[in-house]
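For this chain, numbers begin at 1 and follow the sequence in order. Quantities reported herein were computed from a predicted structural model and do not represent experimental measurements. When a ligand or atom number is given, it counts from 1 through the structure's own listing order. The analysis underlying the following values was restricted to heavy atoms, covering all of them including side chains, and did not include hydrogens, waters or symmetry mates.
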Amino acid sequence: MPADSAPKYKKVLLKVSGEVLMGDQGYGIDMATVDTVAAAIARVVKGGTEVCLVIGGGNIFRGLSTAAADMERASADYMGMLATVMNALAMQNALEKIGVDTRVQSAIPMAAIAEPYIRRRAVRHMEKGRVVIFAAGTGNPYFTTDTAAALRAAEMGCDALLKGTSVDGVYSADPKKDKSATRYEHLTYQDVLSQNLKVMDAAAIALMRESKIPIVVFSIREEDSLRKVLKGKGTFTVISDLPAPTA
Ligand code: UDP
């Protein structure tokens, strides 16, 4: 893979969806999976990469789910944001257990369990090698944690937004349902928007395009994949406005 499409990332935001944290269970937090993801993060932090995290909440509650069908959208979304706080605390615990310093910052103030989100303080934590876990999404209903990830990646001045999923990149169709689906090596932001590819929501993609921050989609379930991705190795899809690799 040419160096220009796979730079070495030194300061990254890692988005981990709720779906990843539930492992093979149908719901909730699978602590063994949280430990595996934490170990992968610890490894790259110890290697000198500055890392911050946005954790989803879909493993516990989603505003647009059938469970919330009779609820006012904003209230359901606040429940979704609270779900991300639970996941953030689980991840904090898993990281601290293996010697990684962390801070949870919540977009919705909850003084007893997390710091409030303060951009400059978060930047300082990262400089000191602490992993900052951003909880409660953007703090606003009608948004997703993908948008929160894009927003925080831009605010922190990250080199890349890494989207850790259960699939190793972006495919032409759902690889779990369609055997002929092929993985893209590279896409532009416009490709994702115009083909309506289910990577991240349009607001997140547009913000990353404007901020010129590449999005790297990879499988965080595979051992060592995070470390490899930071070196531009392994299997993933890069979304950026750089020319597509010609190899
Ligand atoms: N949410 C929200 N505003 C935000 C982020 C999240 O209202 O800024 C709510 C929304 O209801 C969403 C839920 O929190 O469905 C969980 O987040 P998301 O679905 O993005 O989690 P993921 O799919 O990554 O697990």
Side-chain angles (χ1 to χ4, degrees), residues 12-31 33-34 36-38 41 52-92 94 104-110 113-114 116-119 122 132-156 161-167 169-170 174 176 192 197-208 215-221 226 239:
V12 294
L13 185 140
L14 173 64
K15 159 77 204 290
V16 183
S17 67
E19 190 200 357
V20 167
L21 297 185
M22 75 185 174
D24 294 326
Q25 304 174 169
Y27 177 82
I29 307 174
D30 175 35
M31 289 304 178
T33 305
V34 178
T36 306
V37 175
I41 296 168
C52 56
L53 306 174
V54 165
I55 315 271
N59 55 322
I60 300 171
F61 199 85
R62 254 184 233 283
L64 280 179
S65 60
T66 41
D70 290 334
M71 287 187 72
E72 189 192 359
R73 170 77 190 268
S75 300
D77 280 342
Y78 280 118
M79 288 173 69
M81 286 183 262
L82 292 177
T84 72
V85 179
M86 287 199 251
N87 286 332
L89 294 181
M91 183 55 75
Q92 176 175 45
V104 176
Q105 288 203 347
S106 175
I108 298 173
M110 318 187 181
I113 53 173
Y117 173 64
I118 299 172
R119 189 185 73 84
V132 184
I133 307 170
F134 297 114
T138 63
N140 300 294
Y142 301 97
F143 286 94
T144 65
T145 53
D146 280 351
T147 310
L151 178 62
R152 298 295 185 237
E155 288 183 286
M156 293 299 114
L161 192 175
L162 310 183
K163 174 149 173 148
T165 68
S166 48
V167 203
V170 183
D174 184 346
K176 287 174 184 160
V192 177
L197 296 169
K198 305 277 175 251
V199 184
M200 294 187 123
D201 54 68
I205 301 285
L207 184 52
M208 291 297 83
I215 302 168
V216 185
V217 184
F218 71 106
S219 168
I220 199 159
R221 285 183 157 200
L226 178 59
I239 301 157

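- Checked by atom type and distance alone, the side chain of T145 never pairs as donor or acceptor with a backbone atom of A148 at under 3.5 Å.
- Where the criterion is an N or O separation shorter than 3.5 Å, residue side chain and backbone included, S17 fails it with respect to ligand 1.
- Between the choices G80, G63, G57, the shortest heavy-atom distance to atom 15 (O) of ligand 1 belongs to G63.
- Counting atoms of ligand 1 from 1 in the listed order, those under 4.0 Å from a heavy atom of P141 are 7 (O).
- Looking at N140 next to ligand 1, an N or O pair under 3.5 Å apart turns up.
- Heavy atoms of A148 stay at 4.0 angstrom or farther from ligand 1.
- Every residue two or more places apart in sequence or in another chain was checked for a salt bridge (Lys or Arg N to Asp or Glu O under 4.0 Å) with D70, and none qualifies.
- Under the rule for a side-chain hydrogen bond (donor to acceptor under 3.5 Å, both in side chains), the partners of T33 that lie at least two apart in sequence or sit in another chain are D30.
- Remark: ligand 1 atoms within the under-4.0 Å shell around heavy atoms of T138 are 4 (C), 8 (O).
- Using a 4.0 Å cut-off between a side-chain N of Lys or Arg and a carboxylate O of Asp or Glu, D146 and K163 qualify as a salt bridge.
- One side chain, E155 or Y117, offers a donor N or O that lies under 3.5 Å from an acceptor on the other.
- Close approach of ligand 1 to F61 (heavy-atom distance below 4.0 Å) involves ligand atoms 13 (C), 16 (C).
- Of the possible polar contacts, one joining the Q105 side chain to the I118 backbone as a donor-acceptor pair under 3.5 Å is found.
- Summarising the contacts of atom 22 (P) of ligand 1 with A136, S65, G58, G137, the nearest heavy atom is found in G58.
- Residue-ligand proximity: M79 is placed with every non-hydrogen atom at 4.0 Å or more from ligand 1.
- Taking any N or O of T145, backbone or side chain, at least one lies under 3.5 Å from an N or O belonging to ligand 1.
- Remark: ligand 1 and T84 share no N or O pair separated by less than 3.5 Å (distance only, no angle test).
- Residue G18 approaches ligand 1 through these ligand atoms, each under 4.0 Å from one of its heavy atoms: 22 (P), 24 (O), 25 (O).
- From M156, atom CE reaches atom CG of L13 across 9.0 Å, with rounding to the nearest 0.5 Å.
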